[in-house]
Amino acid sequence: MSIFSGKLPGVGSSIFTIMSRLAHKENAINLAQGFPDFSCDPMLLDLVEVHLKGGKNQYAPMAGVPALREILADKISSSYQQKVEPNNITITSGATQALFTAVSAFIKPGDEVIVIEPAYDSYVPAIKVNGGVPVFISLSAPEYNIPWERVRAAVNDKTKMLIINSPHNPTGRIIKQQDILALEKLVQEKEILILSDEVYEHLVFDGEKHESVLQSDVLKPYAMACFSFGKVLHATGWKLGYIVANEELTESFRNVHQFTVFSCNTPIQYAIADYYKEKVYLSIPDFFESKRKLLREILDQSRFSYLPAEGTYFQTVDYSSISAESDFEFACRITKEHKVASIPISSFYHNKKDEKTIRLCFAKKESTLERAGEILSKL
Ligand code: PMP
Ligand code: GLN
């Protein structure tokens with residue numbers, strides 16, 4: 001094989017890049033890539049300035065700033081009724097790095113990793129770069145329930161890890177207590193690692209509660225849970241997150257983290273540590289639920305039908321009564337002709353399964369949602 005052949009030939013640009021680029025080119029409203037179009041809390045920005053100007057500008061400790069890990073440990077212990085020590089937490093450069101490093105730390109060539117689809121786009125490349133083999137379990141609209149019997153049946157001697165994501169991007173589905181019980185049963189029978197992507201932990205609506213793998217004693221030896229400050233602080237560009245795991249898993253994680261990233265942005269870690277004292281994250285569900293309500297009221301006037309979305313800042317909609325085009329063609333055409341960009345759900349499936357659904361991001365100002373809604377309701 002040529003020395004010039006890389007490890008991920010032909011992956012191309014991510015769908016988020018493709019649709020954001022198209023939105024920009026077409027001057028369209030971008031409901032595609034998941035990021036807010038409003039700014040973060042001025043108090044947080046002031047805190048960043050305090051620490052930047054106060055000299056917190058050199059390397060942070062490898063695992064993260066202690067003050068931040070302490071406040072996170074308290075937060076996790078009170079949210080999930082499980083004692084977590086600061087030393088179980090490692091600050092990462094976004095959840096993407098946490099996921100990638102967790103896979104790199106454990107997956108060896110030939111190991112199988114179960115991926116539940118639709119799946120966030122970074123999981124499979126992380127598995128493949130490490131020589132792992134993704135094994136897909138496909139969910140179906142509109143319920144997207146995890147078929148635990150099929151997951152169980154997919155586990156064999158080569159299976160090392162299962163990746164789960166709740167609240168789920170792109171469907172908004174959240175796992176329930178019975179899913180945690182099914183996971184417990186699975187690890188008791190089969191002994192596999194669980195990598196749990198919980199970046200939307202605070203974006204859970206309708207009075208429901210986020211079920212974290214961290215709340216389970218049974219899962220503790222097997223589970224790593226990753227989080228993103230980007231979602232909580234409305235600051236996706238800061239690329240800071242963290243991973244939580246028991247001592248043994250944390251050690252293996254840090255063995256790789258230490259030599260790939262070493263440590264993450266220092267002043268912002270100090271600023272978040274101060275900011276989290278205010279527990280501002282508790283107001284997030286109401287904040288985003290009112291945006292979901294606005295988007296749904298608009299969609300009620302349209303020919304789109306919306307699917308359940310119990311969490312995240314995404315609403316998946318079915319456009320089959322508007323067009324028979326593929327979801328990618330539809331999303332591109334609507335961006336070009338009507339100036340609203342979205343994400344086709346087929347891009348979250350390795351086989352591009354097309355259920356005539358697209359994802360709309362409602363982490364936007366009311367005026368943005370109203371402008372987009374006016375257009376969508378005329379289609
Ligand atoms: N997992 C999911 C499900 C996501 O939606 C995202 C990004 N929005 C990430 C991981 C990556 O988070 P980060 O931007 O902190 O890397
Ligand atoms: N997580 C964001 C989304 O789902 C995208 C992040 C990215 O562009 N990689 O839209």
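For ligands, and for the atoms within them, numbers begin at 1 and follow the listed sequence. Please read these numbers as outputs of a predicted model, since none were measured by experiment.
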Just to confirm my output: which protein heavy-atom neighbour is closest to atom 8 (N) of ligand 1, and how far is it?
K231 NZ, 2.1 Å
Check this for me - ligand 2, D121, N or O atoms closer than 3.5 angstrom, yes or no?
no
Take the angle between the ring planes of H234 and F287 and call it parallel below 30°, perpendicular above 60°, tilted in between.
tilted
Which residue supplies the protein heavy atom nearest to atom 6 (C) of ligand 2, what is that atom called, and how far is it?
Y120 OH, 3.3 Å
Looking at ligand 1, is there an atom of it that comes within less than 4.0 Å of some heavy atom belonging to Y200?
yes
For Y120 and F348, what are the C-alpha separation, side-chain angles and deciding distance, and is it a ring pair (Phe, Tyr, Trp, His ring centres under 6.0 Å)?
CA-CA 6 Å; Y120 187 59; F348 294 82; 7.4 Å; no
Of the side chain and backbone of M19, name the one, both, or neither that has a heavy atom under 4.0 Å from an atom of ligand 2.
neither
Between T96 and ligand 1, which residue portion shows a heavy-atom distance shorter than 4.0 Å: side chain, backbone, both, or neither?
both
Verify the ring-centre separation between Y144 and H168: is it less than 6.0 angstrom?
no
Indicate yes or no: does an N/O atom of S228 lie under 3.5 Å from an N/O atom of ligand 1?
yes
For ligand 2, is any non-hydrogen atom under 4.0 Å from F314's backbone (N, CA, C, O), its side chain (CB onward), both, or neither?
side chain
Applying a heavy-atom cut-off of 4.0 Å, say which part of N169 lies close to ligand 2: side chain, backbone, both or neither.
side chain
Looking only at protein heavy atoms, identify the closest one to atom 8 (O) of ligand 2 and say how far it is in Å.
Q33 NE2, 2.6 Å
Short N or O distance, N169 and ligand 1, threshold 3.5 Å exclusive
yes
How about NZ on K158, more than 12 heavy atoms from neighbouring residues, nucleotides or ligands closer than 6.0 Å, or not?
no
So for F35, does at least one of its heavy atoms come nearer than 4.0 angstrom to any atom of ligand 2?
no
K190 atom NZ: more than 12 heavy-atom contacts under 6.0 Å:
yes
Could you work out, for atom 9 (C) of ligand 1, the closest of Y120, Y123, F16 by heavy-atom distance?
Y120
F16 versus ligand 2: do any nitrogen or oxygen atoms come within less than 3.5 Å of each other?
no
Suppose we measure from atom 3 (C) of ligand 1 to each protein heavy atom; which comes out shortest, and what is that distance?
D197 OD2, 3.2 Å
Protein heavy atom at shortest distance from atom 14 (O) of ligand 1
K239 NZ, 3.2 Å
K108 backbone acceptor or donor facing D111 side chain under 3.5 Å
yes
Assess the pair F314 and Y200: is the distance between their ring centroids shorter than 6.0 Å?
yes
Side chains of I345 and T316, heavy atoms from C-beta outward: is any pair under 4.5 Å?
yes
Can you tell me if CD on Q58 sees more than 12 non-hydrogen neighbours from other groups inside 6.0 Å?
no
Mind checking whether S14 has an N or O less than 3.5 Å away from an N or O of ligand 2?
no
Donor-acceptor pair, distance only, cut-off 3.5 Å: does the side chain of S166 make one with the backbone of I174?
no
Pull out every atom of ligand 1 sitting under 4.0 Å from any heavy atom of G94, numbered as shown with elements.
15 (O), 16 (O)
To which protein heavy atom is atom 12 (O) of ligand 1 closest, and what is the distance rounded to 0.1 Å?
A95 CB, 3.5 Å
Tell me which part of T312 gets within contact of ligand 1: side chain, backbone, both or neither, using heavy atoms under 4.0 Å.
neither
Number the atoms of ligand 1 from 1 as they appear, then name those within less than 4.0 Å of a heavy atom of N165, with their elements.
3 (C)
Within the structure, is a non-hydrogen atom of T236 found at a distance of less than 4.0 Å from ligand 1?
no
Tell me, do F253 and L249 make a side-chain contact under 4.5 Å, heavy atoms counted?
no
Polar contact flag for Q97 and ligand 1 (N/O pairs, less than 3.5 Å):
no
Among E310, E208, E211, find the one that has a salt bridge (charged side-chain N to carboxylate O under 4.0 Å, His left out) with K176.
E310
If you draw the axis of the six-membered ring of F362, does the NZ or CZ of K364 fall within 45° of it and under 6.0 Å from the ring centre?
no
Please work out whether any backbone atom (N, CA, C, O) or any side-chain heavy atom from C-beta onward of H168 is under 4.0 Å from ligand 1, and answer side chain, backbone, both or neither.
neither
Tell me whether K75 forms a cation-pi arrangement with Y281, defined as NZ or CZ under 6.0 Å from the six-membered ring centre and within 45 degrees of its axis.
yes
